[in-house]
Amino acid sequence: MVGIVAYGAYVPRLRLQRQAVYDANKWFAAGLRGLAKGERSMANWDEDSITMAVEASRDCLTSHKPEDVRSLYFASTTHPFKDRQNAGVIGTALSIEQDLFASDVGGSQKAGTSALIAGLNASKNGGGPALVAAADKRMARVASSAELNYGDGAAALLCGTENVIAKLVGHHSVSMDFVDHFRGEDAEFDYGWEERWIRDEGYSKIVPPAIKAALAACKLKGSDVTHFIMPSLMPAVPKQMAKICGVGEGAVRDLLGANLGDTGAAHALVMLVDALETAKEGDKVMVVAFGQGVDVLVFEVTAENAKLPKRRGVSGWLARRKEETNYMKFLAFNEMLPIEKGMRAEFDKKTALSVLWRKRDMIYGLVGGKCKVCGTVQFPRSQVCVNPNCHAVDSQEPYRMAGLEANVMSFTADSLTYSPDPPAYYGMITFPEGGRFMADFTDSDKEQVKVGVKMRMTFRIRDNDTMRGGFKRYFWKAAPA
C-alpha cells in the first residue's frame, strides 16, 4: 500500500491586510474594493520558495528521520535559480544529500500535484520514502487583483509504504496547452486571460471529464468524496465542478483565501495538509489541480492519521501571525520600491563557491561537532575540541543543531548597519548541550527579544549577490520560539 505517511506546511508570519493595499491604490484602481477583505500571507525579506520549502519539510519530518528519505521533489513556479538544482539546496539544508535523488518540478500550477504523483510512484516502485515539497512566492503587479489574491506559503508530504495515513486509491492526469495565464522568460509577472473564457472553455470542459475518469478508475461515485480540494482564483469554480461531478457541496474545502491567499503551485498540497489535519479514518479525499491540464488524486484516510505525532501544519502556522498594515514594506521586501539603501549597503557579497562546497554541511545544514572523548558540542566544528580540559584532536562527530532550541546570551538592535527591515537584530545564542555563535535574528520584535528567551533556528536568505546574477546566500537565523 502506497500513500502519504506524514505532512507538514509553512506559512510566513506576516499577514498583509488587504484593506491597506486597497487604501494605497484606490485612487487608481477603485474596482479592487470588493477584494479588500481579510489578509494574505507575506514572506519576510529573507524568505523565498526554497526557505519556505525547507520549513515545510522540517514540519513534515517531525516524526521521521531525514536520512531515510531517498527521493526529493521540489515543485514551484518561482524557483530562485534557473540553472542550479533548487531541490539540492533543500536536501543539503535537511542533511539528506547522500543517496538522494533530487528533482525540480515547475512550469505549471499543477506542478505540486505532478510532483506528488512522481513521489508516490517512486515509493511504490521500491524507491523508499519520497519527500515532496512545494512552495511559491509569486510576484504581482501593483494595484492588480493578483496582488490581493496571491499568498506565500509551502507544504510538504512524505510518501511511503509503511504507516500510511492516507493511502492512494488512484490518480488520473490530462495534459493540454490551454493557456489561462503565462509568464515569459524575461517577465516578472503573470499575464492572465479573460476569466469567463477560462471558466467556460477551460475549467468546464477540461476538469469534469478528468474527475469522472478518476472516479471510474477508483470505482467511486462523486457522492463518496468526503473532502474535495481544488484551488482556483475564482471561488465559485470548485463548487461548480463538484456539482457537475456529483460531489456534495459540503465536501468542497475552503480555499483559505480569507487569511492566507492562493499559494500557487503549492496550494493544492497546502489544502491537502489542511484537510488531513482533521480528516477521519475512511474519509475519501480528492485533490484536483488545474494548469495546462488536470491532475486528479484520490486518497483514503487510514487509522494511522490519528496516531501521527503533532506538528504545526497549516493551522499552527496560520495561528502564528503578525498583522502588517505597511504596504510600503511589502513593496520594499519584494524589490518593487527603489529605496535608497545608503553606503552601508555597499559591500561585496561574492560567495566563495569552493568554501561553500567544503563546508556545506555547516553552512546549509547547521551541522556542528560533538567530541567523542568528552561529549562537548561546538559550532563550528573544528579539528581540536574547545573543551579546555580535553583538547582532543580529530575527535568530533557531526552533530546537527538545526532542530535544537537556543537561548539568547546577549543581543543588540542595530539601527546603523544596513537591514531591509531595520533595526537589525543579532546576538550571541547558546545551545543547551553546548555550542554558541553570533547569529542574525529574524521574525523578531522589540517585545520578543530578551536575554534568556528561547529561539528556534530557521533557514533563511542572508543576502543576495545582485552584481553576479543573483546568487543567494543561505544560512540559519534565530527566531523567537
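The basis for the numbers below is simple: all heavy atoms, side chains too, and nothing from hydrogens, waters or symmetry mates.
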Taking the six-membered ring for Trp, are the ring centroids of F475 and F459 within less than 6.0 Å of each other?
no
Run the ring-centre check on H227 versus F299 and record whether the distance is less than 6.0 Å.
no
So, do L356 and R473 sit near enough that their side-chain heavy atoms are less than 4.5 Å apart?
no
Around atom [atom1] of [X], are there more than 12 heavy atoms of other residues, nucleotides or ligands at under 6.0 Å?
X	atom1	value
K350	NZ	no
R311	CZ	yes
R436	CZ	no
R320	CZ	yes

Just by distance, with hydrogens left out, do [X] and [Y] show a side-chain donor and acceptor under 3.5 Å apart?
X	Y	answer
Q17	T325	no
T458	E55	yes
D152	Y10	no
Y364	E97	no
R138	T77	no
Y7	D59	no
N149	D262	no
D136	T263	no

Can you tell me how far [atom2] of [Y] sits from [atom1] of [X], rounded to the nearest 0.5 angstrom?
X	Y	atom1	atom2	value
N25	R33	CG	CZ	15.5 Å
T92	L72	OG1	CG	9.5 Å
L131	Y73	CG	OH	11.0 Å
M455	T442	CE	OG1	9.0 Å

Are E39 and R321 ion-paired here, with the side-chain N under 4.0 Å from a carboxylate O?
yes
Measure the acute angle between the ring planes of F411 and F441, then classify it against the limits of 30° and 60° as parallel, tilted or perpendicular.
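Correct class here is tilted.
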Table please: side-chain donor-acceptor pairs of residues 365-379 below 3.5 Å, with sequence neighbours left out.
{"unit_1": "T376", "atom_1": "OG1", "unit_2": "N387", "atom_2": "ND2", "d": "3.2"}
{"unit_1": "Q378", "atom_1": "OE1", "unit_2": "V386", "atom_2": "N", "d": "3.0"}
{"unit_1": "Q378", "atom_1": "OE1", "unit_2": "Q396", "atom_2": "NE2", "d": "3.2"}
{"unit_1": "Q378", "atom_1": "NE2", "unit_2": "P380", "atom_2": "O", "d": "3.4"}
{"unit_1": "Q378", "atom_1": "NE2", "unit_2": "S382", "atom_2": "OG", "d": "2.7"}

So if I apply the salt bridge (Lys or Arg N to Asp or Glu O under 4.0 Å) rule between E47 and each of K472, K137, R460, R462, which one comes out positive?
R460
List in chain and number order the residues that pass side-chain contact (heavy atoms from CB on, under 4.5 Å) with K310, two or more places apart in sequence or in another chain; answer none if no residue qualifies.
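Scan of K310 (side-chain contact (heavy atoms from CB on, under 4.5 Å), adjacent residues dropped) gives none.
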Sorted by chain and residue number, the side-chain contact (heavy atoms from CB on, under 4.5 Å) partners of V5 (sequence neighbours excluded) come out as H64, L158, V164
